Amino acid sequence: MTVRPAQDGSSAPRVVIVTGTDTDVGKTIATAALAVHLGQPLVVKPAQTGIAPGNGEERDIDVVARLAGAPTRQFVELEDPLAPDTAARLRSVAIPRVAEHATAIRHLLADHPTVVVEGAGGLLVRMDTDGGTLLDLATDLAKREPVAVYVVTRAGLGTLNHTELTVRALRHAGLEPAGLVIGSWPAEPDQAAELNRTELARVTGVPVVAVLPENAGSLDPEEFRAQAPTWFTA
């Protein structure tokens, strides 16, 4: 996409969207790493699912806050580990529409130079009960602000297809991805992983801008913050 210039004349993204090719690809850890890389901007999670009351489970924004030390904000929390719209319908819970999330994020930009937005699952997972997705949120925000979208992907077999589908969906909506992030690089990569490290960029035309080591999320926060910048190519 041609990013919308910032008010100071630059085209630096004010909104950074983090999506994944699927669930459990390392999106939250990648979000934390990006937060370190970008200087600890505000990180927003529009919809968190799978958090039952009183179970003490760590939310995604809690993981980001702990590892990156970045400020965080969450809009919606739902009990069942499902897509947000499915989880809301299951419990007959009213949740905000994507357009309302976009408005809330724009308000936050008044006090924060950059806001990082972590999606739920993949790009087309429905975030509201009207069918709105993270892609819809990104395109709404891009109408007024410079937006950069990072796609977190797997290293192994099957990742080329999933990643190219996500990239094509973004481009169809007029959004050119800023980069790919391999969410978990195995300690002993197999042939597919080794080849995919270069094949991902070749088949999508999008650079791999970061490779996160396996189990990066288990690092001590101080060590995580020290190592995170080294995982990025630029």
Side-chain angles (χ1 to χ4, degrees), residues 1-20 25-48 58-75 101-120 134 137-138 140-153 170 175-185 206-234:
M1 66 175 291
T2 301
V3 295
R4 184 182 178 89
Q7 290 182 351
D8 63 3
S10 71
S11 59
R14 296 205 63 207
V15 180
V16 174
I17 306 287
V18 183
T19 189
V25 295
K27 190 167 67 275
T28 298
I29 306 305
T31 299
L34 269 167
V36 174
H37 185 61
L38 296 172
Q40 298 180 321
L42 176 68
V43 178
V44 171
K45 181 81 173 181
Q48 169 77 66
E58 198 173 28
R59 301 173 298 172
D60 291 348
I61 56 166
D62 297 329
V63 173
V64 172
R66 174 173 55 81
L67 291 176
T72 60
R73 189 74 63 89
Q74 179 178 285
F75 295 160
H101 289 322
T103 297
I105 291 166
R106 289 193 179 98
H107 285 320
L108 292 171
L109 286 168
D111 298 315
H112 300 274
T114 305
V115 174
V116 176
V117 181
E118 182 190 351
L134 183 66
L137 178 60
D140 190 327
L141 290 167
K143 293 174 184 176
R144 302 184 189 178
E145 301 291 346
V147 170
V149 182
Y150 290 90
V151 178
V152 184
T153 187
L170 284 164
L175 295 162
E176 179 61 29
L180 306 178
V181 176
I182 297 178
S184 180
W185 184 255
V206 180
V208 175
V209 298
V211 178
L212 278 58
E214 190 176 47
N215 299 319
S218 65
L219 290 171
D220 175 84
E222 185 175 343
E223 187 65 21
F224 183 92
R225 294 169 206 174
Q227 289 192 29
T230 70
W231 302 332
F232 290 81
T233 59

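As the structure is a prediction and not an experimental result, all values here were calculated from the model.
A donor-acceptor pair under 3.5 Å is absent between the side-chain atoms of K27 and the main chain of V152, judged by distance alone. A donor-acceptor contact shorter than 3.5 Å is absent between the side chain of Q74 and the backbone of I61.
The distance from the CG atom of N215 to the CD1 atom of I29 is 10.0 Å, given to the nearest 0.5 Å. Expressed to the nearest 0.5 Å, how far OG1 of T31 lies from CG of D60 amounts to 8.0 Å. Remark: L141 CG to H101 NE2 distance equals 11.0 Å, nearest 0.5 Å. One distance of note links OH of Y150 with NE2 of H37; it measures 6.5 Å at 0.5 Å rounding. Between atom CG of residue L109 and atom CZ of residue R14 there is a gap of 4.5 Å, rounded to the nearest 0.5 Å. Atom CG of L34 and atom CD1 of I17 lie 11.5 Å apart (nearest 0.5 Å).
For A70 against P41, the heavy-atom pair with the smallest separation is CB-O, 3.5 Å. Between A138 and L175, the closest heavy-atom pair is CB-CD1, 3.8 Å. In terms of heavy atoms, F232 sits closest to A33 at CE1-O, 3.7 Å. P207 and A178 get closest at one heavy-atom pair: CG-O, 4.1 Å. Residues E118 and P46 share a closest heavy-atom pair of O-CD, 3.3 Å. Shown here for V43 and A35, the closest heavy-atom pair between the two residues is CG2-CB, 4.0 Å.
The side-chain heavy atoms of V151 and V181, taken from C-beta on, include no pair separated by under 4.5 Å. L137 is listed as a side-chain neighbour of I105, based on a closest heavy-atom distance under 4.5 Å. Using a 4.5 Å cut-off on side-chain heavy atoms (C-beta onward), V36 and P229 make contact. A 4.5 Å side-chain heavy-atom check between P13 and V147 finds every atom pair outside the cut-off. In this structure, the side chains of V116 and V18 come closer than 4.5 Å at one or more pairs of heavy atoms. Side-chain contact check for Q227 versus L219: some heavy-atom pair is nearer than 4.5 Å. For the pair L42/L108, a side-chain contact is recorded, criterion being any heavy-atom separation below 4.5 Å from C-beta on.
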Before giving the answer on side-chain contact (heavy atoms from CB on, under 4.5 Å), spell out for R59 and V64 the whole-Å C-alpha distance, their side-chain angles and the decisive distance to 0.1 Å. CA-CA 9 Å; R59 301 173 298 172; V64 172; over 6 Å; no
side-chain contact (heavy atoms from CB on, under 4.5 Å) between T72 and K45: does it pass, once the steps are laid out? CA-CA 8 Å; T72 60; K45 181 81 173 181; over 6 Å; no
After noting the C-alpha distance and the side-chain angles of I182 and L212, does the key distance pass the side-chain contact (heavy atoms from CB on, under 4.5 Å) rule? CA-CA 6 Å; I182 297 178; L212 278 58; over 6 Å; no
Please evaluate residues V25 and T153 with respect to the criterion side-chain contact (heavy atoms from CB on, under 4.5 Å), reporting the C-alpha separation (whole Å), side-chain torsions for both, the decisive distance (0.1 Å), and the verdict. CA-CA 6 Å; V25 295; T153 187; over 6 Å; no
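Listed by chain and residue number, F224 satisfy the ring-ring contact (aromatic ring centres under 6.0 Å, His included) test with W231 (two or more places apart in sequence, or in another chain).
Other residues, nucleotides and ligands contribute at most 12 non-hydrogen atoms within 6.0 Å of the CZ atom of R73.
Salt-bridge formation is not detected for the pair R66/D220: no Lys NZ or Arg NE/NH1/NH2 atom is positioned less than 4.0 Å from an Asp or Glu carboxylate oxygen.
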